[in-house]
Amino acid sequence: MSTNTNMDVSSRSLDWAEGKKFEEVSTLLRTYFDGLYHCDVEIFKALFHPNAIYATADETPLLHRQMDEYFKVIATRQSPASRGEARNDHIDGVEFAGENTAFARVRCSIGANDFIDFLTLVRVEGTWKIMSKIFHINKGN
């Protein structure tokens, strides 16, 4: 199945350095969507910083996991790919704060639920890593 990643980002012109950072982060985000769609723990281990956090306030009590806990959840989840679900991936925006810090707002669907993910990213030794995933769930039927 082909990847359907929509990028609804500003069309303002980017200088070369900013354009390069944007392409690097966009590539990471497309790979992130692939990891979600296929429930691929190895992809997530490559994308997330080892000290990253995962959280949502849409669960009671607040759901907060470290990466080892999150990877176990991914490993046991039935993938959207195995169910033949259509992909609905969107990159709503990417912002940079200097050379090594970024924020991305992305959306996707898994099963009947739609998710809005706020991802903070850091560049460590030249490689972008997700440092936190804070998300909202729009529960479907």
Side-chain angles (χ1 to χ4, degrees), residues 1-14 16-141:
M1 182 168 284
S2 65
T3 301
N4 179 17
T5 302
N6 297 312
M7 296 180 24
D8 306 322
V9 296
S10 170
S11 62
R12 68 182 177 86
S13 64
L14 302 173
W16 182 85
E18 190 173 53
K20 183 174 179 340
K21 288 188 305 188
F22 180 81
E23 185 54 40
E24 291 169 350
V25 169
S26 297
T27 298
L28 177 144
L29 296 173
R30 288 189 297 272
T31 305
Y32 169 76
F33 289 134
D34 290 342
L36 287 172
Y37 189 69
H38 295 285
C39 292
D40 190 323
V41 173
E42 294 309 312
I43 287 176
F44 279 87
K45 286 180 179 178
L47 296 180
F48 280 84
H49 188 280
N51 296 324
I53 62 162
Y54 166 101
T56 184
D58 290 339
E59 303 287 334
T60 303
L62 172 86
L63 176 63
H64 174 269
R65 291 188 171 126
Q66 300 299 321
M67 288 299 94
D68 58 343
E69 297 170 293
Y70 180 45
F71 295 155
K72 289 176 187 172
V73 170
I74 293 292
T76 60
R77 181 184 292 161
Q78 183 182 11
S79 74
S82 71
R83 295 190 300 260
E85 292 182 17
R87 291 184 68 162
N88 188 23
D89 309 330
H90 299 274
I91 299 171
D92 292 333
V94 175
E95 296 180 32
F96 294 94
E99 293 301 310
N100 300 307
T101 307
F103 168 80
R105 182 185 194 274
V106 301
R107 293 178 288 130
C108 68
S109 299
I110 299 174
N113 297 324
D114 296 324
F115 295 85
I116 300 170
D117 295 349
F118 292 156
L119 305 174
T120 56
L121 300 100
V122 294
R123 186 162 46 184
V124 179
E125 297 176 3
T127 302
W128 289 101
K129 297 286 185 180
I130 298 170
M131 195 68 211
S132 69
K133 171 182 176 165
I134 312 299
F135 64 97
H136 169 71
I137 308 166
N138 288 319
K139 295 193 178 191
N141 296 326

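In this text, all values refer to a predicted model and were calculated from it rather than measured experimentally. Values below: every heavy atom of this structure, side chains too, minus hydrogens, waters and symmetry copies.
Annotation: side chain of Ile130 is in contact with side chain of Leu28 (closest heavy-atom distance under 4.5 Å). Annotation: side chain of Met131 is not in contact with side chain of Phe48 (no heavy-atom distance under 4.5 Å). Side-chain contact between His90 and Val106: absent, with no pair of heavy atoms (C-beta onward) separated by less than 4.5 Å. Counting heavy atoms from C-beta outward, Asp114 and Ile137 have side chains that stay 4.5 Å or more apart. Here the side chains of Ser109 and Phe115 are not in contact, with every heavy-atom distance at 4.5 Å or above. At a threshold of 4.5 Å between non-hydrogen side-chain atoms, the residues Ile116 and Asn138 count as touching. When side chains are defined from C-beta on, Lys72 does not count as touching Thr76, because their heavy atoms never get closer than 4.5 Å. Proximity of Pro80 to Leu36: side-chain heavy atoms (C-beta onward) are nowhere separated by under 4.5 Å.
Between Gly35 and Phe44, the shortest heavy-atom contact is C-CE1, 3.1 Å. Nearest approach of Val25 to Phe96, heavy atoms of both residues: CG2-CE2, 3.8 Å. Here the closest heavy-atom approach between residue Lys129 and residue Ala46 is recorded as NZ-O, 2.5 Å.
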If you apply the rule side chain to side chain contact (heavy atoms under 4.5 Å, CB included), what do you find for Arg65 with Met67, and how did you get there? CA-CA 6 Å; Arg65 291 188 171 126; Met67 288 299 94; over 6 Å; no
Determine whether Thr56 and Lys133 satisfy the following criterion, side chain to side chain contact (heavy atoms under 4.5 Å, CB included), listing intermediate values before the conclusion. CA-CA 8 Å; Thr56 184; Lys133 171 182 176 165; over 6 Å; no
Decide ring pair (Phe, Tyr, Trp, His ring centres under 6.0 Å) for Phe118 and Phe103; before the verdict, give the C-alpha distance in whole Å, the side-chain angles of both, and the deciding distance to 0.1 Å. CA-CA 7 Å; Phe118 292 156; Phe103 168 80; 5.6 Å; yes
Worked verdict on His38 versus Ile74 for side chain to side chain contact (heavy atoms under 4.5 Å, CB included): CA-CA 9 Å; His38 295 285; Ile74 293 292; over 6 Å; no
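Between the side chain of Asp40 and the backbone N or O of Glu42, at least one donor-acceptor pair lies under 3.5 Å. Between the side chain of Asn113 and the main chain of Gly140, a donor-acceptor pair closer than 3.5 Å is present. A donor-acceptor pair is defined here as one N or O able to donate and one able to accept, closer than 3.5 Å; no such pair exists between the side chain of Glu23 and the backbone of Lys20. A donor-acceptor pair under 3.5 Å is formed between the side chain of Ser82 and the backbone N or O of Ser79.
With sequence neighbours left out, Tyr54 forms a ring pair (Phe, Tyr, Trp, His ring centres under 6.0 Å) with Tyr70, Phe135.
Using modelled atom types and a 3.5 Å distance limit, the side chains of Tyr32 and Asp89 yield no donor-acceptor pair.
Here the NE2 atom belonging to His136 is positioned 9.5 Å from the CZ atom belonging to Arg105, to the nearest 0.5 angstrom. A distance of 8.5 Å separates CZ of Phe22 from CG of Leu29, quoted to the nearest 0.5 Å. We find the CG-CZ distance between Asn88 and Arg107 to be 7.0 Å, quoted to the nearest 0.5 Å. The line from CZ of Arg30 to CD1 of Ile91 is 6.0 Å long, rounded to the nearest 0.5 Å. For the atom pair Thr120 OG1 and Ile53 CD1, the distance stands at 7.5 Å (nearest 0.5 Å).
Salt-bridge formation is detected for the pair Arg87/Asp34: a Lys NZ or Arg NE/NH1/NH2 atom is positioned less than 4.0 Å from an Asp or Glu carboxylate oxygen. Salt-bridge formation is detected for the pair Glu24/Arg123: a Lys NZ or Arg NE/NH1/NH2 atom is positioned less than 4.0 Å from an Asp or Glu carboxylate oxygen.
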